[in-house]
Amino acid sequence: MALPFYQINSFTTEVFAGNPAGVVMLSDWPTDKLLQAMAAEHNLAATAFFTTDFRPDCFRLRWFTPIAELPLCAHGTLGAAWVISEAMNHPSDRFLFLTKAGDLPIERIGRGRFKMSFPLDPYVETEIDPEVAAALGKEPEAMLRARYSVAVYESEREVQSIKPNIAAINQCRHAKRPGAVVVTALAGPGQDYDFVSRFFAPGVGVDEDPVTGSAHCILAKYWADRLGRSAVRGFQASNRGGFIDCEVASDRVVFTGDAVPYSKGEILAAI
């Protein structure tokens with residue numbers, strides 16, 4: 001039986017921008033080995049797999065990179081939300097994803113535009129880790145530890161100019177997730193966003209991720225604290241680029257983002 005497959009670009013209103021996610025609708029769960037093989041075959045930063053749940057307006061959701069299952073993935077969640085709302089014509093604008101990271105409430109607020117509530121990832125400020133600084137090729141002004149290492153720079157230009165040693169990044173053990181480093185800075189003058197970031201994650205098979213919601217679970221709180229307000233807007237300065245509007249609410253971060261479809265097809269292999 002053929003499986004529907006979509007490729008959705010998340011955190012963008014443009015087809016060739018944002019972060020592409022594969023989305024696969026399943027009737028039931030195959031083995032983890034098969035899910036991982038399918039994600040490797042798609043070779044996208046993430047493939048989201050979901051099934052319906054017996055409860056109304058609930059879906060079970062998992063995410064895989066080409067080499068590993070992810071504990072949390074916002075762009076895959078946004079892609080799955082688009083498929084449920086726009087392709088499946090789900091009757092309610094509110095629904096819930098049940099995941100290993102907990103329940104993720106979704107609200108459709110416009111065509112291809114969604115709000116998503118994610119768990120905040122608390123950070124602590126640390127001494128600058130010499131291995132991370134060497135891997136990035138430039139010492140930051142500050143460093144944070146959460147799920148990922150976060151290197152804070154003085155300017156947007158510095159963030160955009162970083163040329164990391166990806167093999168060295170893969171060896172970094174400063175944070176909870178090895179081989180994953182975020183770089184960030186305050187936005188330059190006149191920008192329509194508050195801060196800029198990039199994300200390098202060879203530890204999960206993604207040298208540079210185009211737009212990373214899980215990184216913004218850290219960045220939203222950090223920049224909200226620094227700027228003295230709960231709502232901030234981030235721009236991830238990858239080659240594709242993408243925007244995430246963030247609002248910190250207690251121990252949650254509410255992301256608002258857009259998604260656009262790139263392709264629709266079928267998985268014909270016997271699964």
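Note: hydrogens, waters and symmetry copies are ignored here, and every other heavy atom, side chains too, is used. Every value quoted in this text rests on a predicted model; they were computed, and no experiment measured them.
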Scan Val159, Asn165, Ile162 and name whichever one has a side-chain contact (heavy atoms from CB on, under 4.5 Å) with Leu136.
Ile162

Is it true that atom [atom1] of [X] has more than 12 heavy atoms of other residues, nucleotides or ligands lying nearer than 6.0 Å?
{"X": "Glu14", "atom1": "CD", "result": "no"}
{"X": "Arg229", "atom1": "CZ", "result": "yes"}
{"X": "Arg94", "atom1": "CZ", "result": "no"}
{"X": "Glu41", "atom1": "CD", "result": "no"}
{"X": "Asn239", "atom1": "CG", "result": "no"}

What's the spacing between [X] [atom1] and [Y] [atom2] if we round to 0.5 Å?
{"X": "Tyr262", "Y": "Phe16", "atom1": "OH", "atom2": "CZ", "value": "5.5 Å"}
{"X": "Lys138", "Y": "Ser161", "atom1": "NZ", "atom2": "OG", "value": "7.0 Å"}
{"X": "Asp53", "Y": "Phe97", "atom1": "CG", "atom2": "CZ", "value": "12.0 Å"}
{"X": "Leu3", "Y": "Met38", "atom1": "CG", "atom2": "CE", "value": "5.5 Å"}
{"X": "Leu61", "Y": "Thr51", "atom1": "CG", "atom2": "OG1", "value": "9.0 Å"}
{"X": "Glu107", "Y": "Ser92", "atom1": "CD", "atom2": "OG", "value": "9.0 Å"}

Less than 4.5 Å apart, side chain to side chain, heavy atoms only: is that true for [X] and [Y]?
{"X": "Lys115", "Y": "Pro105", "answer": "no"}
{"X": "Asp258", "Y": "Leu78", "answer": "no"}
{"X": "Ile84", "Y": "Phe59", "answer": "yes"}
{"X": "Asp209", "Y": "Ser238", "answer": "no"}
{"X": "Phe200", "Y": "Val183", "answer": "yes"}
{"X": "Leu104", "Y": "Arg252", "answer": "yes"}
{"X": "Ile8", "Y": "Val260", "answer": "no"}
{"X": "Phe255", "Y": "Asp245", "answer": "no"}

Hydrophobic cluster membership, [X] vs [Y], 4.5 Å side-chain cutoff:
{"X": "Tyr123", "Y": "Ile128", "answer": "no"}
{"X": "Val182", "Y": "Val132", "answer": "no"}
{"X": "Ile169", "Y": "Val204", "answer": "no"}
{"X": "Val211", "Y": "Tyr193", "answer": "no"}
{"X": "Ile67", "Y": "Leu35", "answer": "no"}

Identify every side-chain donor-acceptor pair in residues 264-271 under 3.5 Å, counting partners at least two apart or on other chains, and give the distances.
none

Look at the side chain of Gln171 and the backbone N and O of Ala168, then say whether any donor-acceptor pair between them is shorter than 3.5 Å.
no

Please go through Leu96's hydrophobic cluster and name the other residues, only I, L, V, M, F, W, Y counting, with side-chain heavy atoms under 4.5 Å joining them.
Leu98

Do Arg113 and Trp82 meet the cation-pi criteria used here (NZ or CZ under 6.0 Å from the six-membered ring centre, within 45° of the axis)?
no

List the steps and the verdict of side-chain contact (heavy atoms from CB on, under 4.5 Å) for Tyr222 and Val152.
CA-CA 10 Å; Tyr222 175 73; Val152 183; 3.6 Å; yes

Carboxylate-amine/guanidinium proximity below 4.0 Å for [X] and [Y]:
{"X": "Arg108", "Y": "Glu86", "answer": "yes"}
{"X": "Asp194", "Y": "Arg233", "answer": "no"}
{"X": "Arg60", "Y": "Asp28", "answer": "no"}

Compute the ring centroids of Phe11 and Phe243, then answer whether they are less than 6.0 Å apart.
no

Does the side chain of [X] pick up a donor-acceptor pair with the side chain of [Y] at under 3.5 Å?
{"X": "Trp223", "Y": "Thr184", "answer": "yes"}
{"X": "Trp63", "Y": "Thr77", "answer": "yes"}
{"X": "Thr47", "Y": "His42", "answer": "yes"}
{"X": "Gln160", "Y": "Tyr153", "answer": "no"}

Is there a side-chain contact (heavy atoms from CB on, under 4.5 Å) between Val23 and Phe5 once you walk through the steps?
CA-CA 6 Å; Val23 181; Phe5 175 81; over 6 Å; no

Can His216 and Ser197 be said to form a side-chain contact (heavy atoms from CB on, under 4.5 Å), step by step?
CA-CA 9 Å; His216 284 74; Ser197 67; 3.8 Å; yes

Using the rule given for salt bridge (Lys or Arg N to Asp or Glu O under 4.0 Å), can you reason through Asp32 versus Arg62, listing the C-alpha separation, both sets of side-chain angles and the distance that settles it, and then say yes or no?
CA-CA 10 Å; Asp32 288 4; Arg62 296 172 71 182; 3.0 Å; yes

Before you tell me yes or no, could you show the steps for Tyr6 and Met25 under side-chain contact (heavy atoms from CB on, under 4.5 Å), namely the whole-Å CA-CA distance, both residues' side-chain angles and the distance that decides it to 0.1 Å?
CA-CA 9 Å; Tyr6 291 81; Met25 295 177 283; 3.6 Å; yes

Run the side-chain donor-acceptor check on residues 139-148: report pairs under 3.5 Å with partners two or more places apart or on a different chain.
from: Arg145; atom 1: NE; to: His174; atom 2: O; distance (Å): 2.6
from: Arg147; atom 1: NH1; to: Asp121; atom 2: OD2; distance (Å): 3.4
from: Tyr148; atom 1: OH; to: Ser214; atom 2: OG; distance (Å): 2.7

side-chain hydrogen bond (donor to acceptor under 3.5 Å, both in side chains), paired with Thr212, selected from Gln236, His75, Arg198
Gln236

